[in-house]
Amino acid sequence: MLKNMFGPKLTPQQQLREWQRKLRQEQRNIERNIREIQREEVNVKKGIKEAAKRGDLGSAKHLAKELVRSRKAIGRMHEQKAQMNSISLHLGENIAMAKVAGHMAKSSEVMKLINGLIKVPQVAATMQDLSKEMMKAGLIGEMLGEAVDDALDTEEMEDEMEEEVNKVLDELATETTAQLPTAVRQKQRAAEAAAEEEEEERVPQMELGLGAEDEAELARLKAKYK
């Protein structure tokens, strides 16, 4: 009667496939979170460009730091997704073995991967449930909590962040320049060339020690023989 209330007991193969289903669901959740962060990145990039145009370097750097953090978060999510995929592959191998042996074989690799994912807040609940079910089924042994050292070198992290922020700002500056109309870029280059030419003319005059009257006479002669 109790067996009927809770449903029939799953075979090892069915249990392994159920775990694979739960892992696929978590992977889809991760993909959705990645897409949301990437959509937000578009707005952050726009904000950085607008701040740079205003000359507001403080706001530009603050937004660039947000962009760096979001990129790092996406990188971690891709790693988590890859780890879940590895677990699923190991479970697939175990399914084939269970068909022959009639029971699950212990997997230290699955245990190691699960233990790492339990520390990730976004998937911790699901991983804890899976670990309990896997221990009960004999797939993994009892999991021991590992001490996590949260003491980080803040100064080193700040230096790394500053370097990444500068990379982002350079990247966006290059991108913005490339998007300027051709006429605007040509005007910028012409202005820079004119400034260089003016500087080249001014330096020899300074070296010769020309006074104001001499410079005026030089200008009159240039105009006369132009």
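All heavy atoms count here, side chains included; hydrogens, waters and symmetry mates do not. These figures come from a predicted structure and were not determined experimentally.
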Atom [atom1] of [X] and atom [atom2] of [Y]: how far apart are they, to the nearest 0.5 Å?
X: K45; Y: E40; atom1: NZ; atom2: CD; result: 12.5 Å
X: Q27; Y: N85; atom1: CD; atom2: CG; result: 5.5 Å
X: I37; Y: M77; atom1: CD1; atom2: CE; result: 3.5 Å
X: K81; Y: N33; atom1: NZ; atom2: CG; result: 12.5 Å
X: D56; Y: K61; atom1: CG; atom2: NZ; result: 12.0 Å
X: K119; Y: M127; atom1: NZ; atom2: CE; result: 14.0 Å

Handout entry: L117/I87 under side chain to side chain contact (heavy atoms under 4.5 Å, CB included): CA gap, chis, key distance, verdict
Key = CA-CA 11 Å; L117 288 167; I87 294 172; 3.7 Å; yes
Report yes if the side chains of [X] and [Y] come closer than 4.5 Å at any heavy-atom pair, otherwise no.
X: E41; Y: I74; answer: yes
X: I30; Y: M84; answer: yes
X: L139; Y: Q15; answer: no
X: L91; Y: L23; answer: yes
X: N115; Y: I140; answer: no

Handout entry: Cluster link M97 to L16, ILVMFWY, side chain under 4.5 Å
Key =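 Unlinked, M97 and L16 end up in two clusters.
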Handout entry: Pairing of R76 and E79 as salt bridge, 4.0 angstrom limit
Key =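 Result for this pair is no, no salt bridge flagged.
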Exercise for the section: Give a yes-or-no answer on whether the side chains of Q25 and R28 include a donor-acceptor pair shorter than 3.5 Å. Expected result: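 Result is yes, a qualifying pair exists.
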Salt bridge (charged side-chain N to carboxylate O under 4.0 Å, His left out) partners for [X], two or more places apart:
X: R71; value: E171
X: E133; value: K22
X: R32; value: none

Practice task
Ignoring hydrogens and angles, tell me if any N or O in the side chain of S131 forms a donor-acceptor pair with the backbone of Q128 under 3.5 Å.
Solution key: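 Yes, S131 side chain to Q128 backbone: donor-acceptor pair under 3.5 Å.
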Handout entry: Side chain Q83, main chain L113, donor-acceptor under 3.5 Å
Key =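 Flag not set: sc Q83 to bb L113 has no pair under 3.5 Å.
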Problem - Closest heavy-atom pair and its distance - A51, S59 - result: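 Closest heavy-atom pair between A51 and S59: CB-CB, 4.1 Å.
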Problem - Closest non-hydrogen atom pair, L63 against V44 - result: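 Heavy atoms only, the tightest pair is O-CG1, 3.3 Å.
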